[in-house]
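Input: a single structure, listed below in structure tokens.
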Amino acid sequence: STPYVEFAALKRAQSGPQAAIDMMRKAPIDLESAAQVESLRALATDLVAAGQPDEALSLAAAAAAKNPDSAANIELHARLLDAMGRDDEARSKLEALIAANPDYAPAFDALGSLSRSAGQLDAAIGYFDQAAALSPDIAEYDYAAAQVLLMQGKIDAAMARMREARATDP
């Protein structure tokens, strides 16, 4: 993470998302640069929390358009589309992203979240499984799969996934 993301986190903790937004807007960084995707992700999260999702989506769309080869920028744009209820657009972008970058675990995670929200629980587990297989060191993917298993009432399977996640993320 960049120093600006760290400072924004401190501002957010002290004064809320708007203070972090104000700080990031003043930072001398190009949010459309692929190198600044984590800064853009932090700003977008704060914009959504502050009730400004349209601006977050606009910034992410501009960055994705400027960096069509940046999987992280495209994934962020798709997640924001999903957050704004534009599920079909989000799914289309994520499927295209996976076709071009089949080893990019966050895209599978995003599709898992989208599928979970749509009630497609088996598909969600499959996407979270793929993300976990690609990045076994990221416990978040196992936690997400465990949550869906709980939603399905599969307690034993959910507990097994939780144990896997804890082994990865003690």
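Contacts of Gln130 classified as side-chain contact (heavy atoms from CB on, under 4.5 Å), with partners at least two apart in sequence or in another chain: Phe108, Tyr127. Taking the side chain to side chain donor-acceptor pair (under 3.5 Å) definition, one finds that Asp156 meets it with nothing, sequence neighbours left out. Partners of Arg86 according to the salt bridge (charged side-chain N to carboxylate O under 4.0 Å, His left out) rule, which considers only residues two or more places apart in sequence or in another chain, are Glu89. Here Asp30 pairs with Lys66 under the salt bridge (charged side-chain N to carboxylate O under 4.0 Å, His left out) rule; sequence neighbours left out.
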Tell me which donor-acceptor pairs under 3.5 Å the side chains of residues 135-146 have, and how far apart each pair is, sequence neighbours excluded?
residue	atom	partner	partner atom	Å
Asp142	OD1	Arg161	NE	2.8
Asp142	OD1	Arg161	NH2	2.7

Which donor-acceptor pairs under 3.5 Å do the side chains of residues 46-55 make with protein atoms, sequence neighbours left out?
residue	atom	partner	partner atom	Å
Asp46	OD1	Arg12	NE	2.5
Asp46	OD2	Arg12	NE	3.3
Asp46	OD2	Arg12	NH2	3.0
Gln52	OE1	Arg25	NH2	3.4
Gln52	NE2	Gln18	OE1	2.9
Glu55	OE1	Arg25	NH2	2.5
Glu55	OE2	Arg25	NH2	2.9

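Linking Ile, Leu, Val, Met, Phe, Trp and Tyr residues whenever their side-chain heavy atoms come within less than 4.5 Å places Leu81 and Leu59 in a single cluster. Hydrophobic cluster membership differs between Met84 and Ile74, with clusters built from Ile, Leu, Val, Met, Phe, Trp and Tyr side chains linked at under 4.5 angstrom.
Asp122 and Gln152 make their closest contact through OD1-NE2, 2.8 Å (heavy atoms, listed as atom of the first residue, atom of the second, distance). Closest approach of Ala99 and Pro102 over heavy atoms only: O-CD, 4.1 Å. The shortest non-hydrogen separation linking Met24 to Ile29 is CE-CD1, 4.0 Å. Here the closest heavy-atom approach between residue Ala60 and residue Leu76 is recorded as CB-CG, 4.3 Å. For the residue pair Leu80 and Ala56, the shortest heavy atom distance occurs at CD1-O, 3.6 Å.
For the salt bridge (charged side-chain N to carboxylate O under 4.0 Å, His left out) condition, no pair includes a residue of residues 144-155, sequence neighbours left out. Sorted by first and then second residue, the salt bridge (charged side-chain N to carboxylate O under 4.0 Å, His left out) pairs with a member in residues 74-83 read Arg41-Glu75, Glu75-Arg79, Arg79-Asp109; sequence neighbours excluded.
Glu95 CD to Arg91 CZ: the interatomic distance, rounded to the nearest 0.5 Å, is 6.0 Å. The distance from atom OH of Tyr4 to atom CG of Leu31, rounded to the nearest 0.5 Å, is 11.0 Å. Here Ser92 contributes atom OG and Asp87 contributes atom CG; the two are 12.5 Å apart, rounded to the nearest 0.5 Å. Here Asn101 contributes atom CG and Ser70 contributes atom OG; the two are 9.0 Å apart, rounded to the nearest 0.5 Å.
Leu150 forms part of a hydrophobic cluster together with Ile155, Met159, judged by ILVMFWY side-chain heavy-atom separations under 4.5 Å. Applying the 4.5 Å side-chain rule to ILVMFWY residues, one finds Leu121, Ile125, Phe128, Leu149, Met151 in the same cluster as Val148.
No side-chain donor-acceptor contact under 3.5 Å links Asn73 and Glu32.
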For this session: Test side chain to side chain contact (heavy atoms under 4.5 Å, CB included) on His77 and Leu57 and set out the steps.
Result: CA-CA 7 Å; His77 184 213; Leu57 183 60; 3.5 Å; yes

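In this structure the side chain of Asn67 never reaches within 4.5 angstrom of the side chain of Asp69, judged on heavy atoms. Side-chain atoms of Lys11 and Asp22, non-hydrogen and from C-beta on, never get closer than 4.5 Å to each other.
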